[in-house]
Undergrad: 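I'd like to ask some things about the structure below.
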Amino acid sequence: MPVIYVAKSKGLEKWGADVGLTKHVYKVGVAGDSAEAAVARLNADAVAGHTDWKLVKKKEVEAADEAEIFARL
């Protein structure tokens, strides 16, 4: 069952605040396995140049497509 997750990075939050965007910068995604594994992949791949991603929230959903989830957001 897919899971929607929200992750954050302290480094990305600091960057967002420094450039005047906002300190509230999050990564929202859909994972086929687990949210914890998805966050581990974010750290391994250094997404957005940061390796300090932490899981904020997760929720299992019925079959869902990432594009559909983003459209609903």
Undergrad: What are the two closest heavy atoms between Trp53 and Val47, and how far apart are they?
TA: NE1-O, 3.2 Å

Undergrad: Check for me, please, whether Ile69 and Met1 land in the same ILVMFWY cluster - side-chain distances under 4.5 Å, paths through other members count.
TA: no

Undergrad: Strictly by salt bridge (Lys or Arg N to Asp or Glu O under 4.0 Å), give each pair with a member in residues 47-62 just once, sequence neighbours left out.
TA: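 Found Glu36-Lys58.
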
Undergrad: How far apart are the closest heavy atoms of Ala46 and Thr51, and which atoms are they?
TA: CB-CG2, 3.7 Å

Undergrad: Donor-acceptor pairs under 3.5 angstrom involving side-chain atoms of residues 10-32: please list them, not counting sequence neighbours.
TA:
residue: Lys14; atom: NZ; partner: Asp18; partner atom: OD2; Å: 2.9
residue: Thr22; atom: OG1; partner: His24; partner atom: N; Å: 3.3

Undergrad: With the side chain counted from C-beta on, respond yes when Phe70 and Asp65 share a heavy-atom pair under 4.5 Å apart, and no when they do not.
TA: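 Phe70 does not reach Asp65 side chain to side chain.
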
Undergrad: Does any part of the side chain of Val3, heavy atoms only, come nearer than 4.5 Å to the side chain of Val61, both counted from C-beta?
TA: no

Undergrad: Just grab all the salt bridge (Lys or Arg N to Asp or Glu O under 4.0 Å) pairs involving residues 39-50, residues at least two apart or on different chains.
TA: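 Only Asp33-Arg41 qualify under salt bridge (Lys or Arg N to Asp or Glu O under 4.0 Å).
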
Undergrad: Shortest non-hydrogen contact from Ala35 to Leu55?
TA: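 Nearest heavy atoms, Ala35 then Leu55: CB-CD1, 3.8 Å.
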
